[in-house]
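Bear in mind the structure is a predicted one, so any value in this text is a computation, not a measurement.
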Amino acid sequence: MVKTMFDTFSEKKFLLKELVKRDLTSKYKDSVLGILWSFLNPLLIMLVFTAIFSMLFGRQIENYPVYFLSGRVIYDFYSAATKGAMRSIKSNANLLKKIYVPKYMFSISTICYEFINFLISFVILFGVMLITGAQFHLTSILAIVPIFLLVLLIFGIGLILAVCNTYFSDIGHLYNVFTLILMYASALFYPIEIVPAKVQIIFTLNPVYSAISCFREAVVYGVIPDLSTLAYLATFAIAVFGIGVLLFSIYEKKLALEI
Amino acid sequence: MSLKEKIMKLFNKKNEDNLIDADNEIAINVEHLTMEFKITKDKIDTLKEYVIRTLKKNKKEKQKIKVLEDISFKVYRGDRVGILGFNGAGKSTLLKILAGIYEPTHGKITINGKVAPLLELGAGFDKNYTGKNNIYLNGAFLSMEEDFIKEKYDEIVEFSELGEYINYPVKNYSSGMRAKLGFSIATLVNPDILIIDEILSVGDIKFRKKSSEKIRSMMKDGVTVLLVSHSIGQIKDICDKCIWIEDGHLVMEGEVNEVCDAYVKSAKSGKK
């Protein structure tokens, strides 16, 4: 029987599992607090932001800590996962020059790893909701939709960046600036109402903000997410995903020569 | 012989080959393989530089280097083929293409069977991982399945002779220990094709004997072997056919002793 490497699903699944495990263990290795950092880090950042900005926007936003955290977990996931995927090919260059492994496996595994961190950060969000006496809504289940679309978007962007980063090593610096702009255009820590109406259009064009606002509607406000926002996010995410997969499949074979 | 006859002869030969092809007896078929590497003296690898150079119209022409040019050969099932050539002849590049790491610029490669590439042992080791965890990680890189490794775990540990060191991080291993572990994992699968790049000299004398015995026992099972080595003795010992590559061209292909002798002769005359 003719058999080539990585042509069965279970081989790929096992590789994915091992790669995610490698990322997780290397993150928590040698740190006394271990996995606790995953909880402490966003919690401390939230406390700082709450302490500073609740004085400014406290009256306009009900339950500021939950408002902030709900946006922050989504943005952090987007930012960390796309940056990780961007670096995934280059940081495994040594290996890819010596063994044949489908290169997209590294991008997928990084995104999976960040997704696990994202799920962990939910525990904090729900913890803070409990403490601050926020209401839990049944509509929270609907949050799966914007999260799924966000994952698609991350895959697309991540694959595009991974290819660009192997050809141009300074893409990372540019992308850092870009994500900073994206953060301010996502209304993480201030109410969108303080932005002039003319500028608000930038926010509605920002797919990450679309995901955040849908997520907030479902989890924090207990309403069904705005369908036109969801539709926009879906179109954007599917288009970017398609472009990413196409670009990556064109360049995958050539990448080994560039790294 | 007229040109027409020559062409006719070539044509007939091709037909014969096709017949054998149909029998699925060919393990590796390399047709007109050419591999080019693009190199520039100062590579543009940042966007900033790319934009500046484009604006200044100062883009350096990329130079293409042909590492392999128009190489064709066939390896039949059960053949043990040695690859000879001086440093920089393109042997390792050829093996990397066969292992799927590089995509050839031109030409076609057909491989029938599962390949076990022994190019660099333990290439995927994570140095902070213990030997045990690395067996699983490396097995995953070599496209094994989890249950398979679980089943063979004891066998690997025993073959690697690491004993209780298997529970220590690989960063504390000596290079010999690392190679032994890498060899034990990589040869675990029952491959159809074994691609070996000068790694048979790993470990101490005891392990060297054991590893060559392991390869020999795999050969008995009918595995196809492709071996790069600078040791003529080793090639004559293991292989039955041989390919000689020089500056990216196929110089000679044939029975092992013939090619080895011609190669040694040319190396000697080259020195004078």
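Using a 4.5 Å cut-off between heavy atoms, B:Lys96 contacts chain A through its side chain alone, with no backbone atom that close. Interface remark: B:Phe148 contributes no atoms to any contact with chain A (heavy atom separation under 4.5 Å). Using a 4.5 Å cut-off between heavy atoms, A:Lys17 touches chain B through its side chain atoms alone. Proximity to chain B is limited to the backbone of A:Leu96, based on heavy atoms less than 4.5 angstrom apart. Of the atoms belonging to B:Ile149, it is side-chain heavy atoms, and not backbone ones, that fall under 4.5 Å from chain A.
A pairwise comparison of heavy atoms in B:Tyr136 and A:Glu18 identifies CB-OE2, 3.6 Å as the closest pair.
The NZ atom of A:Lys97 sits 11.0 Å away from atom CD1 of B:Ile101, with the distance rounded to the nearest 0.5 Å. Between the CG atom in A:Asn165 and the CG atom in B:Leu47 there is a gap of 11.0 Å [rounded to 0.5 Å]. Distance check, rounded to the nearest 0.5 Å: OH of B:Tyr102 to OH of A:Tyr100 gives 15.0 Å. We find the CG-CG distance between A:Leu19 and B:Leu137 to be 6.5 Å, quoted to the nearest 0.5 Å.
Contact check for B:Met35 versus A:Leu257: side-chain heavy atoms found under the 4.5 Å cut-off. The closest side-chain heavy-atom distance from B:Leu119 to A:Ile99 is not below 4.5 Å.
Counting heavy atoms of neighbouring residues, nucleotides and ligands inside a 6.0 Å radius, atom CG of B:Asn167 exceeds 12 of them. Counting non-hydrogen atoms of neighbouring residues, nucleotides and ligands closer than 6.0 angstrom, the CD1 atom of A:Ile201 reaches no more than 12 such neighbours. Within 6.0 Å of atom NZ in A:Lys90, more than 12 heavy atoms from other residues, nucleotides or ligands are found, so the atom counts as buried in its surroundings. Heavy atoms from other residues, nucleotides or ligands lying under 6.0 Å from CZ of A:Phe178 number 12 at most. Heavy-atom neighbours of A:Lys253 NZ from other residues, nucleotides or ligands within 6.0 Å: at or below the threshold of 12. In the displayed structure, A:Tyr251 atom OH is contacted under 6.0 Å by at most 12 heavy atoms of other residues, nucleotides or ligands.
For B:Tyr129 (side chain) and A:Arg22 (main-chain N/O), a donor-acceptor pair under 3.5 Å exists by modelled atom type.
A salt bridge links A:Glu11 to B:Lys114: at least one charged side-chain nitrogen sits closer than 4.0 Å to a carboxylate oxygen.
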